[in-house]
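All chains are named by letter (A, B, ...) in the order of the sequence lines, taking the proteins before the strands, and each is independently numbered beginning at 1. Quick note: numbers below take in every heavy atom, side chains included, and nothing from hydrogens, waters or symmetry partners.
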Amino acid sequence: MKYSSDEEVGVRALRDAVATLETPPLRDDSFSRISMRRARGECIVLMVADAPIAGRVGNGGVVAVLLAAVAALVIAAVVVRRGAGASATSMSDGVALAAVDSACANAPTTVRDSSALRHLMISAFGVPAACGAEPGQDAPIAFAASQIRPGTFSYNSLSITDGVFTSRHGSSAITVSRTTWKGAPAFLAVRDGPLSTGVHLDSLVVSADGPTALYWATTYYTQHPRGVIHAEFDSTSITIARTGRFNTAATLPFRMKSGQLPFGFALPLAIPALPLSPGWHGTVEIAPPIDPRAFKYFVRPWETMRLRVVGRETVRVAAGVFDCWRVQIGDPDGEATMWVSTSNHLVIRSVSISRFGDTSFEDQHELESARFDAN
Amino acid sequence: MPLEEEATSLDEAALIAHAASGSHDALAALFELHSPHVHRIAYRLTMSADDADDIVQDVFIGLPEALSAYSRTGDFSAWLRRVAVRTTLMRMRATRRRTATAIRAVGAQDTAMSNFMLDRMAIATALVALPEDLRVAFMLRDIEGYSHAEIAGMVGIRTGTAEVRVHRARRKLRALLGER
């Protein structure tokens, strides 16, 4: 392409002008964060070959992947990061906050939080829950709680974008034990391990009669803005506190019905209790963290995970070789599958592929180790 | 040995070899040497300080393993810049996030600012306003010095398309700056 001398002078002036732009300083603790993430086992596969970045994804329908439990766990951090940034003044967040105000305008219960916190709530649990609505009165799902066995289970995870950009996350461990909660038998699940960003620790108490959430607490460390978010649920309300750049706290009415479990807890407490068998199909509800900017999802506070046993296969993972039910998640032509052990009822492996525009996201999770407690 | 002394006592080839074999100190030394370049290119492509920070972290988290693909004979800085560009482009595609850089409007309190500062704010505003694909093409060609063919290879477009994007970016930038 040829340019006139005037154009060349203009380009040079433009280049010189842009070159005067200062880059904001790199954070002082960048390398310590790199060290911490590497120490946690996080691994990012960089693209070093001269391959084009675009055009790697084939055409295909958009798959609304109903997140397998650990997949939700990974995405939670990203969403909370975004939610934590809700007080920033970007245009998209401003629109999101306006949508939140509008969404809660007709809520039956008056909420007492700031719009930013409500924004965060909606991003995680949807409008009706965040605005104080009662959950539906659907019949509880039939769970065989006796199939839940206490122990410690570790999972590793891998995220692949466009089939080439690979991030291997460190192991996440979930420990399930028997306990009592306000005098009644219950299970306590504690999850510890890195998410895709930030350290986390959270816990959940469910009834021993079935996965009804009685109490849970979650702590996230966020990067943008730097700070901590702590959420605590106790039977009928949830308290969210943010510290760091934004110091706010609020308590909101919040109810969960049997089978509705937050974030990644469906994996150790709901899936193992399902009476899987050839041809079995059913649904499990989880509270997936949802991008607050995905307004179309606001009307879906709980994600219904439709499950169907479509086969029986032998699966080899780091924890060993397992005879598994192959369980299809979502639509028959969906691209989310998990393999559940026929003997110990644990999720052994899960793979989900979702697409956003022409970009594909694949999440893989595998059982790394399993140690059952002695009865 | 203090990190700075160690960094200066080893040549870059040795640092690269040590980092590839898992040395934390060698990685720290490479970070000291090269993170400003990675950060600058990530910022110029995204015009987002937060994204640029994240990209620097991603690049140096993955660097030790990626070094196995480095030939050890070429210019390491140039190799790392290309890795940084690809990582940035990949992240931009993955997040699909429009830049959230807040460029404050010039108000009454800014009247005392120098023309130099005003010019720089105007340039930053214009770069943020530029469509992402045009900004990437402009930055890679006119600021980072890649050829149209190299840009085409990295972005996944035809060489002619890269030329057109660069041309449109320059024209649009000039128009944006002229409107001020």
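- Put simply, the side chain of B:Arg165 reaches to within 4.5 Å of the side chain of B:Ile157, judged on heavy atoms.
- Of the charged side-chain nitrogens involved, none lies within less than 4.0 Å of a carboxylate oxygen, so that B:Glu163 and B:Arg141 do not count as a salt-bridged pair.
- Interface residue B:Leu127: only side-chain heavy atoms are found under 4.5 Å from chain A.
- Remark: A:Arg38 engages B:Glu65 in a salt bridge, criterion side-chain N to carboxylate O under 4.0 Å.
- Note: B:Pro64 leads B:Pro36, B:Ala52, B:Pro64 in heavy-atom pairs under 4.5 Å with chain A.
- For a residue to count as touching a neighbouring chain, one of its non-hydrogen atoms must lie under 4.5 Å from one of that chain's; by this rule B:Phe31 touches chain A with the side chain only.
- Proximity to chain A is limited to the side chain of B:Arg44, based on heavy atoms less than 4.5 angstrom apart.
- Among B:Val83, B:Asp58, B:Val56, the residue making the largest number of heavy-atom pairs under 4.5 Å with chain A is B:Asp58.
- Remark: B:Phe76 engages B:His34, B:Tyr70, B:Trp79 in a ring-ring contact (aromatic ring centres under 6.0 Å, His included) (not counting sequence neighbours).
- A search for side chain to side chain donor-acceptor pair (under 3.5 Å) contacts involving A:Gln364 returns A:Glu362, not counting sequence neighbours.
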